[in-house]
Amino acid sequence: MFRTKRSGLVRRLWRSRAPVEGDGETDRGTHGSGGCCMGKATKVAKSNAGSEAELKALTHSVLKKIKEKQLEVLLQAVESKGGVRSPCLLLPSKVDAKVGQQSYSLPMLLYKVFRWPDLRHSSELKRLSCCESYGKANPELVCCNPHHMSRLCELESPPPPYSRYPMDYLKPPDSPGSGPSSSDTGGTTYSAPVGLSDSLALQDSERGYWCVVAYWEEKTRVGRLYSVQEPSLDIFYDLPQGNGFCLGQLCSDNKSQLVQMVRSKIGYGIQLTREPDGVWVYNRSCYPIFIKSATLDNPDSRTLLVHKVFPGFSIKAFDYDKANSLQRPNDHEFTQQPRTGFTVQISFVKGWGQCYTRQFISSCPCWLEVIFNTR
């Protein structure tokens with residue numbers, strides 16, 4: 001009975017492996033064109049029968065050496081695609097496995113098989129802060145849970161001209177063109193919290209909230225401002241397990257078919273995490289997200305890029321050091337900034353800018369405004 005259950009778990013895991021190109025269901029998160037993530041990624045052709053058989057034999061051999069409870073943890077993470085909070089899968093980090101002439105560590109093998117077939121090196125990965133191995137250097141046991149990892153969205157240098165925006169949005173809220181407000185978007189239901197101008201949000205920031213999140217559908221803000229105090233926040237529409245900012249529970253009167261379609265694709269959404277070096281955004285959904293932030297670009301640049309982030313990728317959306325360098329005492333734009341700092345804009349599924357018919361984020365169906373308290 002023991003062997004039968006173990007073998008059944010191994011078979012289920014192999015059936016749940018990540019598809020490669022040519023399987024007919026390639027992960028949208030690892031392939032495509034354009035965007036900051038694709039500068040470092042490589043397409044993987046469908047493997048030939050020999051290498052597929054070799055990989056299957058090796059994977060089965062490795063999995064059969066793992067304890068049954070650990071197999072169940074791995075299966076839970078893989079089958080839910082990270083939607084269920086699964087514990088760490090702690091395994092020896094020094095064990096190597098060979099596929100043909102290529103040698104992989106045990107964690108790398110599991111990451112390639114169950115998430116990213118095109119993964120080439122561990123330097124392309126970022127461990128999520130929820131993981132026990134986060135921040136530990138070369139521990140004897142390392143977490144091999146594929147959904148405790150993300151791919152790094154590295155910006156190309158120079159960045160691709162995806163779309164450029166003037167830095168006018170960094171002006172104070174009272175300046176012309178400083179962001180979507182009821183006067184310049186034509187009927188915004190609420191005035192935008194650009195620069196965290198709302199008194200309630202200001203009071204919250206004084207009580208230790210490190211950011212405030214506003215959810216928008218086109219030109220209308222939906223629901224209240226969401227103040228964030230915990231280091232990590234899940235923002236989602238439909239998540240099997242977890243808590244955070246559930247967009248699906250907000251009451252919206254928007255009947256647009258496009259808005260409803262995009263809303264249904266938000267799914268697991270994003271994870272917003274405050275870390276020592278800045279604020280990271282992890283795309284947990286099945287579709288790309290688009291991000292604009294002043295700290296993602298050259299501090300001397302007078303334009304901002306809109307960056308495309310694919311599923312399974314993480315990007316440092318807000319860099320504390322860069323934010324401090326932007327607040328130059330002799331720069332008129334920055335000295336008049338509200339004391340609470342900068343905003344980051346994130347659109348689900350649909351991009352905006354020069355490559356699109358949507359020139360402004362207020363034309364995007366579903367989007368977020370994240371306002372940081374830098375004090």
Side-chain angles (χ1 to χ4, degrees), residues 27-41 153-156 158-171 177-181 184-189 192 194 213-222 235 237 247 252 254-267 269-270 281-298 301-315 317-318 342-370:
D27 185 357
R28 283 176 289 265
T30 54
H31 303 298
S33 60
C36 62
C37 294
M38 298 315 299
K40 304 295 180 182
C153 187
E154 296 185 12
L155 306 182
E156 294 180 358
Y162 203 76
S163 63
R164 292 188 176 274
Y165 269 87
M167 296 180 76
D168 289 344
Y169 94 100
L170 292 174
K171 293 179 181 177
S178 61
S181 65
D184 63 11
T185 58
T188 302
T189 302
V194 176
V213 180
Y215 171 61
W216 294 75
E217 291 179 352
E218 296 173 327
K219 298 176 182 179
T220 303
R221 199 178 90 197
V222 180
I235 303 174
Y237 191 83
L247 305 179
S252 171
N254 198 314
K255 305 300 182 185
S256 162
Q257 289 186 350
L258 181 59
V259 169
Q260 293 181 15
M261 182 271 289
V262 171
R263 204 186 291 151
S264 69
K265 291 183 176 181
I266 294 173
I270 64 170
V281 174
Y282 169 47
N283 185 2
R284 302 182 68 190
S285 75
C286 295
Y287 296 88
I289 60 173
F290 298 80
I291 296 182
K292 186 178 77 170
S293 167
T295 67
L296 281 174
D297 295 310
N298 190 318
S301 173
R302 302 306 298 170
T303 60
L304 293 178
L305 287 169
V306 176
H307 296 275
K308 186 176 186 178
V309 182
F310 284 90
F313 279 75
S314 285
I315 190 170
F318 189 73
F342 298 106
T343 67
V344 168
Q345 295 171 333
I346 304 171
S347 174
F348 294 103
V349 185
K350 299 295 183 180
W352 77 98
Q354 294 176 354
C355 299
Y356 296 92
T357 55
R358 295 170 295 277
Q359 292 298 299
F360 304 99
I361 193 169
S362 56
S363 300
C364 292
C366 303
W367 57 282
L368 301 169
E369 191 167 27
V370 184

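- Taking 4.5 Å as the limit, every side-chain heavy atom of Ile270 sits out of range of all side-chain heavy atoms of Ser285.
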Query - side chain to side chain contact (heavy atoms under 4.5 Å, CB included) evaluation trace for Ile346 with Val370 - result: CA-CA 8 Å; Ile346 304 171; Val370 184; 4.2 Å; yes
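- In terms of heavy atoms, Pro311 sits closest to Asn283 at N-ND2, 3.4 Å.
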**Report entry** Full working for side chain to side chain contact (heavy atoms under 4.5 Å, CB included) between Val262 and Lys350
**Finding:** CA-CA 8 Å; Val262 171; Lys350 299 295 183 180; 4.0 Å; yes
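- Here the CD1-CG distance, from Ile266 to Leu368, works out to 7.5 Å after rounding to the nearest 0.5 Å.
- When side chains are defined from C-beta on, Arg263 does not count as touching Leu247, because their heavy atoms never get closer than 4.5 Å.
- To the nearest 0.5 Å, atom SG of residue Cys366 and atom CD of residue Gln260 are 9.5 Å apart.
- Of all the heavy atoms in Ser252 and Val222, the pair that sits closest is CB-CG1, 4.1 Å.
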Query raised in the report: Does the pair Asn254 and Thr220 meet the rule for a side chain to side chain contact (heavy atoms under 4.5 Å, CB included), with working shown?
Result: CA-CA 9 Å; Asn254 198 314; Thr220 303; 5.6 Å; no
Requested in this report: Might you work through the side chain to side chain contact (heavy atoms under 4.5 Å, CB included) test for Val281 and Ile291, ending with a clear yes or no?
Outcome: CA-CA 9 Å; Val281 174; Ile291 296 182; 4.1 Å; yes
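- Between Ser256 and Glu218, the closest side-chain pair of non-hydrogen atoms falls below 4.5 Å.
- Side-chain contact between Lys265 and Phe348 is absent, with no heavy atoms from C-beta onward closer than 4.5 Å.
- When Trp352, Phe290, Trp216 are each tested for a ring-ring contact (aromatic ring centres under 6.0 Å, His included) with Trp367, only one passes: Trp216.
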